[in-house]
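The next block holds one structure in the form of structure tokens; read it before the comments.
Keep in mind that this is a model prediction, so the values were computed, not measured. Index from 1, following the sequence. These numbers come from the heavy atoms of this one structure, side chains and all, not from hydrogens, waters or symmetry mates.
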Amino acid sequence: METKYIFVTGGVVSSLGKGIISSSLARLLLSRGYRVTIQKFDPYINIDPGTLNPYEHGECYVTVDGHEADLDLGHYERFTNTPTTRANNVTTGRIYQSVIDKERHGDYLGKTVQIIPHITDEIKRNVKMLGNTGNFDFVITEIGGTVGDIESTPYLEAVRQLRWELGKDALCIHLTYVPYLRAAKELKTKPTQHSVKMLQQVGIQPDVLVLRTEKDVPAQMRRKIGQFCNVAPEAVIQSIDVNTIYRVPLKMHEQHLDEIVLEKMGLAAEGEPDLRAWNHFLEKIESATESVKIGLVGKYVELQDAYKSINESLFQAATYCDRKLDLRYIHSEKLTDENVAEHLGDLDGVIIAPGFGQRGTEGKFVALKWCRENDVPTFGICLGMQCMVIEFARNVLGLKDANSTELDPQTPANVIDLMEEQKSISNMGGTMRLGAYDCVLREGSKVAEAYGTTEISERHRHRFEFNEEYRGRFEEAGMMCVGENPKTHLVEVVEIPEKRWYIGTQYHPEYQSTVLHPNPLFIDFLKAAVAYGKEKASAE
């Protein structure tokens with residue numbers, strides 16, 4: 001069949017959950033046997049979010065092909081179980097860069113380069129490229145930002161043109177907000193009406209409205225909204241708050257979103273989507289009665305989106321271990337030798353978060369020393385793994401000034417360092433190892449047992465590496481280098497076998513953890529944390 005294109009726009013306010021609605025629809029269509037992918041257009045002029053501060057943008061997600069992407073791509077993968085690539089996330093910066101490169105190359109034959117047609121044509125090319133090259137039945141495109149934003153205007157114009165060109169093969173879903181005014185005790189539909197009017201003013205008539213709300217929107221009110229907005233009453237759907245985002249696909253199916261979309265695009269909506277595995281996961285969420293207490297030690301803990309993929313990976317793993325996740329955020333800048341026991345003492349497991357830069361690292365060293373000495377299940381990711389190495393070098397190997405050259409360029413014991421071939425590269429990102437790399441695990445190690453294999457592939461986002469010159473000293477003292485890149489022999493995984501569970505990975509296993517396939521390392525970490533919790537309880 002011809003590829004169908006679904007556009008998801010947002011109005012009234014940002015952060016309504018376009019990514020969750022897009023992911024939920026994708027999940028339903030996948031469960032009906034269709035081939036589906038999702039892409040995100042971000043209206044900011046940065047080339048990608050790789051150099052954006054987490055305070056600006058939350059987590060930077062990494063695709064298998066090494067593209068630094070918007071955090072919504074993490075939701076797409078967790079819901080669809082399908083890897084994303086560079087083509088799934090495009091920024092205005094990338095669009096303009098491509099057009100300017102073509103202009104410099106002479107592709108426009110000296111013509112004046114303009115928003116229309118050149119920028120909009122480049123946007124349309126990126127939309128269709130996924131459908132043409134990816135062999136997909138549906139491409140769901142989420143337009144970042146809100147209708148009315150100046151930055152989003154070229155994208156909306158491109159959507160208008162595509163709807164005209166593609167006819168029944170294109171459809172628009174508009175997500176808006178229906179606020180509840182407590183003083184008046186009323187839901188208000190006017191913001192939605194205005195939002196749709198703004199969309200109509202740029203030439204786009206939405207086919208489906210999804211109303212984000214905290215209170216039930218009565219059927220009569222939904223009919224009124226449909227009437228004002230030229231949308232069929234049955235295609236006005238509400239997205240009410242639920243206890244977990246993973247319940248949203250079921251809520252959308254209850255209101256026939258998948259069937260409405262299929263019928264509007266000229267396809268028969270026969271039978272029911274196969275959601276058995278998804279429902280099994282939801283049942284485990286509801287049936288869990290006991291909790292597992294995990295501490296996440298990092299410098300961005302006041303920002304939940306900064307560690308979004310880790311949070312979701314922990315939640316998935318806890319659910320499959322029949323536990324509710326009790327996640328405690330611990331600010332690494334506030335940890336000292338004097339208060340560490342107070343902050344970490346009642347935890348079943350500790351995650352040392354990834355990141356860049358000096359700030360908060362000394363607190364991570366404090367946490368790691370306490371966890372290692374008290375044999376608490378501990379998981380270090382990326383910088384967290386490097387901090388494990390530095391703490392061990394300082395307090396076990398006796399290298400008191402051990403450090404990473406990222407944190408202290410003058411350190412005499414550079415246990416973490418740039419590789420020689422990286423040192424001459426100055427371009428930001430040029431020295432980064434990004435995307436999926438193979439890793440060979442040592443037979444009999446805890447990590448190999450967790451994965452059930454010695455050959456894995458995981459995604460990276462880092463610049464500095466374990467210094468090979470120190471490998472022998474670490475292994476003699478009990479920290480084993482149990483995972484390495486088969487081509488470069490760079491160390492990817494360290495563990496202390498004599499501990500309950502003390503493992504650090506240079507890669508980011510959270511990027512490859514989905515609802516239907518949780519990452520094995522997170523599952524194993526949670527199992528160790530649950531066992532430790534039981535052990536503590538029985539000793540009391």
Side-chain angles (χ1 to χ4, degrees), residues 15 17-24 26-27 30 38 40 49 54 57-64 68-84 88-89 142 241-250 277-286 288 291-298 300-329 349-355 379 381-382 384 458-459 461 505 507-527 529:
S15 303
K18 292 191 299 293
I20 301 300
I21 295 298
S22 301
S23 301
S24 297
R27 177 73 263 154
L30 282 163
I38 318 178
K40 170 85 180 282
H57 197 74
E59 171 188 78
C60 176
Y61 192 77
V62 177
T63 61
V64 284
E68 292 174 295
D70 181 77
L71 59 81
D72 273 321
L73 268 70
H75 289 310
Y76 302 165
E77 291 200 18
R78 286 186 283 274
F79 276 70
T80 65
N81 211 41
T82 306
T84 53
N88 293 83
N89 185 208
E142 177 192 343
D241 286 357
V242 285
N243 63 341
T244 169
I245 56 172
Y246 301 119
R247 194 163 289 285
V248 176
L250 271 65
W278 197 267
N279 281 321
H280 172 68
F281 177 72
L282 291 172
E283 285 161 11
K284 289 186 90 63
I285 292 174
E286 297 304 326
S291 295
V292 58
K293 296 189 285 290
I294 303 295
L296 195 157
V297 179
Y300 298 118
V301 291
E302 66 273 31
L303 291 170
Q304 290 195 17
D305 279 354
Y307 304 115
K308 192 66 181 173
S309 293
I310 292 176
N311 299 353
E312 297 304 321
S313 300
L314 287 168
F315 178 76
Q316 293 156 9
T319 300
Y320 281 109
C321 289
D322 299 309
R323 288 292 187 280
K324 291 183 183 295
L325 177 65
D326 179 358
L327 185 57
R328 317 272 180 90
Y329 294 97
V350 173
I351 290 241
I352 307 297
F379 191 176
I381 298 174
C382 198
E458 292 278 11
R459 298 181 207 177
R461 183 179 183 245
T505 63
Y507 54 76
H508 289 258
E510 71 272 20
Y511 291 147
Q512 294 192 165
S513 192
T514 70
V515 169
L516 300 183
H517 285 103
N519 189 283
L521 208 49
F522 276 94
I523 293 281
D524 205 59
F525 171 60
L526 263 293
K527 283 180 180 174

| message | A side-chain contact here means heavy atoms from C-beta on lying under 4.5 Å apart; do Tyr246 and Glu312 qualify? | response | yes
| note | So CD1 of Ile351 and CG of Leu327: to nearest 0.5 Å the spacing works out to 8.5 Å
| request: Would you please test Phe525 and Leu314 for side chain to side chain contact (heavy atoms under 4.5 Å, CB included) and show each step? | output: CA-CA 9 Å; Phe525 171 60; Leu314 287 168; 4.1 Å; yes
| Nearest-0.5 Å distance that lies between atom CD1 in Ile38 and atom CD in Glu142 | 8.5 Å
| said: Please determine whether a side-chain nitrogen of the Lys or Arg among Asp326 and Lys324 lies less than 4.0 Å from a carboxylate oxygen of the Asp or Glu. | reply: no
| task | Using the test ring-ring contact (aromatic ring centres under 6.0 Å, His included), find all partners of Phe522 that sit at least two apart in sequence or belong to another chain. | result | Phe379
| remark: One should read off an interatomic distance between Asn81 CG and Leu30 CG, to the nearest 0.5 angstrom, of 9.0 Å
| message | To the nearest 0.5 Å, what is the distance between CD1 on Ile381 and CZ on Arg461? | response | 13.5 Å
| field | Heavy-atom side-chain proximity of Arg323 to Leu526 below 4.5 angstrom | value | no
| field | Heavy-atom pair of closest approach, residues Phe79 and Pro249 | value | CE2-CG, 3.7 Å
| query | Minimum heavy-atom separation for Thr84 to Thr63, with atom names? | reply | O-CB, 3.2 Å
| query | Is there side-chain contact between Ile285 and Phe315, with at least one heavy-atom pair below 4.5 Å? | reply | yes
| said: With rounding to the nearest 0.5 angstrom, report the CD to CZ distance, Glu286 to Phe281. | reply: 10.5 Å
| query | Taking all atoms of both residues into account, what is the closest heavy-atom pair of Val292 and Ala529, and its distance? | reply | CG2-CB, 3.9 Å
| said: I need the single residue from Gln316, Lys284, Lys527 that forms a side chain to side chain contact (heavy atoms under 4.5 Å, CB included) with Cys321. Which is it? | reply: Lys527
| field | Side chains of Leu250 and Asn279 in contact at under 4.5 Å (non-hydrogen atoms) | value | yes
| Which atoms form the tightest heavy-atom contact between Pro509 and Asn519, and what is the distance? | O-ND2, 3.2 Å
| Quick one: does Thr244's side chain have a donor or acceptor within less than 3.5 Å of a partner on Arg247's backbone? | no
| request: Drop me the distance from Asn88's CG to Tyr76's OH, to the nearest 0.5 angstrom. | output: 8.5 Å
| said: Using side-chain heavy atoms (C-beta onward) and a distance below 4.5 Å, is Ile310 in contact with Pro354? | reply: yes
| said: A side-chain contact here means heavy atoms from C-beta on lying under 4.5 Å apart; do Asn311 and Tyr329 qualify? | reply: yes
| remark: Sorted by chain and residue number, the side-chain hydrogen bond (donor to acceptor under 3.5 Å, both in side chains) partners of Glu510 (sequence neighbours excluded) come out as His508
| request: Consider only side-chain N and O atoms of Arg78 and Ser313, and report whether a donor and an acceptor are under 3.5 Å apart. | output: no
| note | All heavy atoms of Gly298 vs all of Val301, minimum pair found to be O-CG1, 3.6 Å
| Just by distance, with hydrogens left out, do Glu59 and Ser309 show a side-chain donor and acceptor under 3.5 Å apart? | yes
| note | When Glu77, His75, Lys308 are each screened for side-chain hydrogen bond (donor to acceptor under 3.5 Å, both in side chains) with Tyr61, the one that passes is Glu77
| field | Min side-chain heavy-atom separation Gln512-Leu521 under 4.5 Å | value | no
